[in-house]
Structure formats: structure tokens, C-alpha cells
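Remarks on the structure that follows.
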2 protein chains.
Amino acid sequence: MNLLRNDALEGAQARRRAQIPDATVARLPLYLRALSELADRGVTTCSSEHVATAAGVSSANVRKDLSHLGSYGTRGVGYDVHQLRDRIAETIGQTQNWKVIIVGAGHLGSALAAYQGFGTRGITIAAVVDEDPALVGSTLGPNTIESVDNLAALVKEHNILIGIIATPPAGAQPVADQLVAAGVTSILNFAPTLVHVPDGVDVRQVDVAVELQILAYHEQRKASSADSGGDE
Amino acid sequence: MNLLRNDALEGAQARRRAQIPDATVARLPLYLRALSELADRGVTTCSSEHVATAAGVSSANVRKDLSHLGSYGTRGVGYDVHQLRDRIAETIGQTQNWKVIIVGAGHLGSALAAYQGFGTRGITIAAVVDEDPALVGSTLGPNTIESVDNLAALVKEHNILIGIIATPPAGAQPVADQLVAAGVTSILNFAPTLVHVPDGVDVRQVDVAVELQILAYHEQRKASSADSGGDE
DNA sequence: AGGAGTTAGAGAACCCGTTCACAAAATCGT
DNA sequence: ACGATTTTGTGAACGGGTTCTCTAACTCCT
């Protein structure tokens, strides 16, 4: 892991290929969004402080993050908005359009399919499938709901690498297996269940109830510290 | 911060009031879910290893987390499923029912309002509001969509402390301001925008596009490491 | 031209969280 | 009764990430 592969060779290339820390990767889309807004407003130059306030992080954090992608700002001036935006877009792969398949066309699947704003972030809903025959055939924005039986065929046809699971919990694991078997290597799972996947497949979990439970915990703390003399 | 306030006094009380690390808090709902499933299956005892595999973390991590809430397992045996479940439920405040308001009854708001599975986690959708007069009055499961003008009244009437923003980006900040003004102190924001709130108000951000962008980054890495001789 | 002010970039210090390793406490079998 | 085995709880080591601090480089004003 820490092996130093002839990095005297060339800094830029090494940087390009270097692993960017997860925490940084998670923030790059935020910076990208902020920079796009600045660009739309005609701003041509910005400081790390600008980006920081727009993204809700510290300016030091922004600079450290940007240093990972070897981006060149100019000292005393700041960053060129367009250049930095393009650099980040390139880094996180927004130069290409990623096709995703949504499995499950219930309320959540429909909401995701209808979501405006994937387009501007390099994401296209290429297919929506459901196991309910009653839903197959109905349209969802630009998409037509297809049978889950066609999952593998659709994934291959459209070269889909990313799948979204929007099924009830019980369906999540079988669906994940099907997605992986069809060639999907990244999964965004909205079902409140842990899905097991082979090595090399990434899974990200979004659980709304968990988010609310976390908020509830903090609410409870606020309440209890309020009536017995706040301990903070 | 590191001040030791007469902690010889009593360990349990001190523990109860002690700050539980954020990372732990985020995992407690997962443990709770796992334990509830075990309890439903009639399992009465479990090891940290059980919980760990069910929640997708390491057993050491589980033990460390549980140690923060002073939970008593028995060495050589494990944890009592019911007792541990109750202890966690109590810790994260699931003994009471938290009422939430959903602002924005578009696709996403509707999906959230229809979501089964809040109920079992101590969460109730007490109100759904939207600014579109055309939507006001229609029913969404057990709820009727009301005008956003009633936001403050509803929050107060139901003693709501948690708000969910499911509006387009432009509406997020004004809505957040209204929620805060009405007395809400925790916000779950689905709009892809940073919302500013006063101290004491918690905000959690859920951005589906960002999640997909993170996956896309990793996909890109997989692809590039595949064709130029994997560097990992 | 030179000084004052601004800002990126990088190294160091610090903090938080995870993993490791082990001792203490329980059960079970003999 | 006692040793073997299991499993918790915890202190220590480790690693990643954030913040701090300082230097270098650029602009603007005089």
C-alpha cells in the first residue's frame, strides 16, 4: 500500500493516479456544485474562503482537499472558477455520463426517477424496473417501467455500472445479487437492510429512518440537558 | 472539555449523561434494527460478533460502541437481546414518539410520507405541507396536505421538533428559516443546498446525486486502474 | 519600484475513531 | 473443584482527517 512506485517520474501523473481520501471525495461534489453556481453567476475567480462558505466547510479544509488533486490556484489571488470546476469534474468522472438503473418503482423509485438535477451532475436514469406486472409499461418521466426479468439485459444493453435499490427490505439482497451478476459494480441502497456484495463492488447506504433517529438522539440530549442544567 | 467533573460520584449517571461519539450514535440505530430482528426471531442472547455481522461492522467496534452506553453484557455469554435493545432504544430516544413535519409534497415528499417503517422506529409524520394550492387538501396516506402557511401553527400544535425539507433547492433556505422560527431544532434536508441555521439547530443533509457522484468516482477509478494495469 | 495586503500550499500538531491485544469474568465439561 | 473455552470490556497502538501555522507567491496601491 505504501509502496513508492517510481514517483520521481512525474508529479502530475502520480497525483492523478493517487488515491484521494474518502472524506475529500465526498466533498468534491459539493465544491463542484458551488463552483458551478459561481460560474453561472459570472464569477471568474474565487478564494478557498469563498468555496468554503458555499460548501459549508473550513477554508483550510478546502485547500487541503484541492491539494490532493494537484489543482493550481494562484497565491494572493485564488482559483480560476472554470478551471477548478473542470478539474474537479474530471477528477470525479463527471466528464462522462453515468447510466444508472433503478430497481423498484414504488414511491421512492418514482421520486428518484422524477428527480431533476441528475442530468447536470453527469447521471442518467437509463432504466427503471419493478417486479409488479401491474406497474410494467407505465411511464415515469422519460422512462418506461420494465419487468425486473429484463434487469440483466437492460444493464448490458446500456452498459450500466451503477444500480439503485428502491425496493422493500426483503427484496434488497436478491436484487443486489442480480445487479452484481449482471455486471453492476456500484450500488446505492435505499432499503433499510445490509446487502452483501463481493469484493470490488461498492455499496452506499441511505436510510432516512436512521437519519431521523440520529436527529432524535440529539433532540433528546437537548431536552435532557435543558431541564437538568445543561452540561455543555 | 477534558475537565473531570466529580466523576467518582456515580459511574452510571455519568455515563448516561456523557457525550456519545457521533460515529457511535450513527451506528446505534443499526444495532437496534439488528436486535429487533433477533428478538422477533425469538433469539434471547447474542454475542458482539452476531450484532457485528448483522450490522456490517467489526465486533470490536460493536463492543467499543456499546461500552459508551455502559451496557452490561456478560463475559463468556454475550448480551441479552431484549435488555440491550431496550437500552439502545432508550439511549437514542426511541421510547418516545418523535413527530416530524414534511415540507414539500412533491415526488420525494410523497414518497417519504408513504414510507412504511417510520412507525417501528419511533417516528410519526405529523404533518405534510406544500406551497402549491393545487396540492393542499389531497391525502397522502394518513395525512392531508396542508398549506405551508400553516407551518408554524402545525409545528406548535403537534409539538414538532424535527422537520424534513423536501422542496426544490430554492425553497430550502426560506423553509428552514420558517421551521426554525416555529421552534424546530432538527432538520433533515433533501434539497441539494446548504442551509444556514442558528446554533443549537442540527441539520443533516441527504443528497442522492452526491451519493451517486461518489460511486461514479470509484467506478472511474476501477475503470482506469483496469486498463492501465491496476495499481491496487 | 517597493511595501502592504492577500491567499494558496505544505508541514506539524492535534483530535477522533478504529483496530488490536489482553485481562477479567462467566459457562461448561470432566 | 478446576481447567478449558468463550466473550466482554478496556487500555494501547494505529491511522485518517482536520485544524493550525507559517512560508512563498501574487496583486494593488503609493
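In what follows, chains carry the letters A, B, and so on, assigned in the order in which the sequence lines appear, proteins first and then strands, with residues in each chain numbered from 1. All of these numbers come straight from a predicted model, not from anything done at the bench.
- Spacing between atom CD1 of B:I20 and atom P of C:dG17 amounts to 12 Å, rounded to whole angstrom units.
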task = Give the intermediate values and the outcome of side-chain hydrogen bond (donor to acceptor under 3.5 Å, both in side chains) for residues B:T95 and B:E90.
result = CA-CA 6 Å; B:T95 44; B:E90 178 198 350; over 6 Å; no

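- Phosphate proximity of D:dT7 to B:S48: absent, as no side-chain N or O sits under 4.0 Å from OP1 or OP2.
- A heavy atom lying under 4.0 Å from DNA chain D marks none of the residues of residues 193-202 of chain A.
- Between the side chains of B:T91 and B:R87, at least one donor-acceptor pair of N or O atoms lies under 3.5 Å.
- Of the charged side-chain nitrogens involved, at least one lies within less than 4.0 Å of a carboxylate oxygen, so that B:D202 and A:K222 count as a salt-bridged pair.
- In this model, the phosphate group of D:dG9 is approached by a side-chain N or O of B:Y79 to a distance below 4.0 Å at OP1 or OP2.
- The side chain to side chain contact (heavy atoms under 4.5 Å, CB included) test with A:V195 is passed by exactly one of A:L179, A:V201, A:V180, A:N189: A:N189.
- A donor-acceptor pair is defined here as one N or O able to donate and one able to accept, closer than 3.5 Å; no such pair exists between the side chain of B:D22 and the backbone of B:A26.
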Between protein and nucleic acid, restricted to nucleotides 16-18 of chain D and to nitrogen or oxygen atoms under 3.5 Å apart, what atom pairs and distances do you find?
unit_1 : atom_1 : unit_2 : atom_2 : d
D:dT18 : OP1    : A:R27  : NH1    : 2.6
D:dT18 : OP2    : A:R27  : NH2    : 2.8

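- Whole-Å rounding puts the B:L28 CG to C:dG17 C1' distance at 14 Å.
- Nearest-nucleotide assignment on DNA chain D puts the 5′-proximal partner with B:R75, out of A:G76 and B:R75.
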key: Evaluation steps, salt bridge (charged side-chain N to carboxylate O under 4.0 Å, His left out), between B:D40 and B:R85   = CA-CA 11 Å; B:D40 291 347; B:R85 184 195 53 183; 5.2 Å; no

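- The 5' end of DNA chain D is approached more closely, in terms of each residue's nearest nucleotide, by B:L66 than by the other of A:R63 and B:L66.
- In summary, the side chains of A:Q173 and A:T193 do not present any donor paired with an acceptor at a separation below 3.5 Å, with no hydrogens or angles considered.
- How far CD1 of B:I123 is from CD1 of B:I162: 7.0 Å, rounded to the nearest 0.5 Å.
- Residue B:D80 contributes atom CG, which lies 15 Å from atom C1' of D:dT8 at whole-angstrom precision.
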